[in-house]
Amino acid sequence: MQETREVVITPGGDEKQYWRDLWRYRELFLFIAWRDLLVRYKQTAFGAFWSVLRPLATMVVFAVIFGKLADLPSGGAPYPLFVYAAMIPWQFFAGTLSESGNSLLSNTHLLTKIYFPRLIVPAGSMAVGFADFLVSFVILILMMAWYRIAPGWRIAAIPFFVLLAFLSSAGLGLWVAALNIRYRDYRFILPFIVQYGLYVSPVGYGSSIVPEKWRFIYSLNPMVGVIDGFRWALLGGSNRIYWHGLLASTGITLLLFVLGVRYFRSTERTMADLL
Amino acid sequence: MSGMAIRIENIGKKYLIRHKAADGRASTEDFWALRDISLDIAKGERVGIIGPNGAGKSTLLKILSRITEPSTGRITLRGSVSSLLEVGTGFHPELTGRENIFLNGAVLGMRRAEIRQKFDEIVAFAEVEKFLDTPVKHYSSGMYVRLAFAVAAHLEPDILVVDEVLAVGDISFQRKCLGKMRDVGTEGRTVLFVSHNLTAVRALCNRAILLEGGAMVFDGDAPEATGRYLAVSTDNLLVRDWGDVSEAPSNHSATLEQVAIRNDAGAIPAGIYTDASFNVEIRFRVKEDDASVGLTINFFDKEGDSVFNTINNLESDWYGKPMPRGVYRSVCRIPANLLNNGRFSIGVNLFGRSFSDACVTTDVLRFEVLDGPSIRGDYFNEFSGVVRPLLPWKTQRTDVS
């Protein structure tokens, strides 16, 4: 058996012990992510296909409305690809945000019966969002092959933008997850955020159509930097990065993440009492 | 603290409760669910935690399981800890039996390698081989509980914290649970067991703690702790005195003065147990010389249905003989292993030379017969009925001579 270890329980807890526990419970994290993945498409005929279909369907609508009817610029890239390259980070963000935001509530039975670092639950649902993202990314590569667009060296920057999307959805998601326990209103607010966000972020259109004087304010939306980054890294052409904006997005994202984790940690000790 | 498994120092838990006054103003109040609990538990001890609802048992358990944090104090746990507040925590109905074994194992703190190693054992214990790849939502509730318990039963922590919810499922399953708990205890693990089932506490634990209103009121051996708990929680009426003669039940020739339940030493017992005898004593005054006085005692169950009655007409000293004026005492011995546990009341009747000159009383005394563990054997559940006789059994093999 493992070495005799000593656990100390005090009011306020022990911060060092918490992060040690997070590492000790890493297998549980894997199991929760694995469970969420397994459960998601149980008893569906098409399985993981659904995670691909949603962004694809939205892409078609956006390509028709914004590309054909409104005839908005796409920086030289085919409009469907232009939309899809934005769609997948957006989907990743929106998916992980709503899953992690509701994760604590939907795991009430675990939280009130067993101890583990609570961060594991939203982290597990984020892992599921990431799996979906990987599948969608494969589709993107297929689409690029279809349109015969080869990504340049800039594709190497993709992990950075994925990380950015992850940090912002994690920051916001942890915040919402914790708030959700005290104020169940967030269960209703979350779909709004996701729905509005789709239009407030440059998914169906390019951020270049935003007037210059609003550009910086616009970039405070962390997803603006991520989406612009995706298009820049994958499609090139005249899709450029607005560096001031990216810097602002990154700053906001880091702030969101740090505040999110801190808020989550501060509510963690009373969570079981409120559920 | 080499032999120490758990050290609890001044643990308290405060909740904020909100009140809404009639005028709509809200106010808050501190409520201490637990206060100043201090306790040292040595390695290998099996400790029961008992107390009425709201005494703080679950709160203490939740703090020990680290589900919620204490407001004051400090707990040190040495060794690996598993807490079972229910069986099947983390089970997902959509997942198969196989998948749930791994998930539940992980939730309970087992490593993947450990689960894999015990997998076959768990499956055999639960008897669900055929349905391993069926989603557990299609399981019967019995199979579900068996599987859930099988996983829990294969935990090997140094310290096991268990809630009474374990006592779910059918009778044979409960027995399996409690039997397993006893094994765990004898393997040198430390067990903390919260329960309302005092029989189980007495059978499994060598020490028990009585909580009341968030405070620890007793810490000592299990039979004494459970006895104290019952003494507090039952409203036994074991002595009835009629000081005012005009109100005392009487017939033409005699008046009841006192009816009491006493032990052989003549004292009012702290509790009445199924496996111990007790005496019903009736003190009465004969009002005239040459009287003839007979007595009956009627036992009723908690519904008020008659259980049995007993008459002193076979008693040889005074029955049927002329009794001079004076005070008499009749004692009826109720043997051990007669009444089942539960609530009873008794009535006492007086009768004279003819049975028609009778004074009938009911509900003279009320008491709870408590479960004495000595004749239970390995059975932890309820005995049905109002009596629980201890009867001889014998089993022989008949196909070989």
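Within every chain, numbering begins at 1; the chains are lettered A, B, ... in the order of the sequence lines, protein sequences first and strands thereafter.
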* Selection from B:Ser83, B:Gly73, B:Gly105 maximising heavy-atom pairs under 4.5 Å formed with chain A -> B:Gly73
* To do: Output the distance between atom OG1 (B:Thr59) and atom CD1 (B:Ile11), rounded to the nearest 0.5 Å.
  => 12.0 Å
* With under 30° as parallel and over 60° as perpendicular, where do the rings of A:Phe62 and A:Tyr199 fit, or are they tilted in between? -> tilted
* To do: Against chain A, label B:Glu9 side chain, backbone, both or neither, depending on which of its atoms sit under 4.5 Å from a heavy atom there.
  => neither
* B:Phe91, B:Phe149, B:Tyr139, B:Phe131 screened by ring pair (Phe, Tyr, Trp, His ring centres under 6.0 Å) with B:Tyr144, the one that passes -> B:Phe91
* At a heavy-atom separation under 4.5 Å, does A:Asp36 approach chain B through its side chain, its backbone, both, or neither? -> neither
* Could you look at B:Phe102 and say if it's the side chain, the backbone, both or neither that has a heavy atom under 4.5 Å from chain A? => both
* Structure fact -> Looking only at A:Tyr25, A:Phe31, A:Phe116, most heavy-atom pairs under 4.5 Å shared with chain B are made by A:Phe31
* Asked: A:Phe192 vs A:Tyr196 aromatic rings, parallel, tilted or perpendicular, using cut-offs 30° and 60°?
  -> parallel
* Cation-pi check, A:Arg26 to A:Trp23: give yes when NZ or CZ is under 6.0 Å from the six-membered ring centre and within 45° of the ring axis, no otherwise. => yes
* **Residue part contacting chain A, namely of B:Ile8, when any heavy atom lies under 4.5 Å** => neither
* Asked: Heavy-atom distance under 4.5 Å between the side chains of A:Ser100 and A:Leu174, does that happen here?
  -> no
* To do: Counting only heavy atoms closer than 4.5 Å, note whether B:Thr72 contacts chain A via side chain, backbone, both or neither.
  => backbone
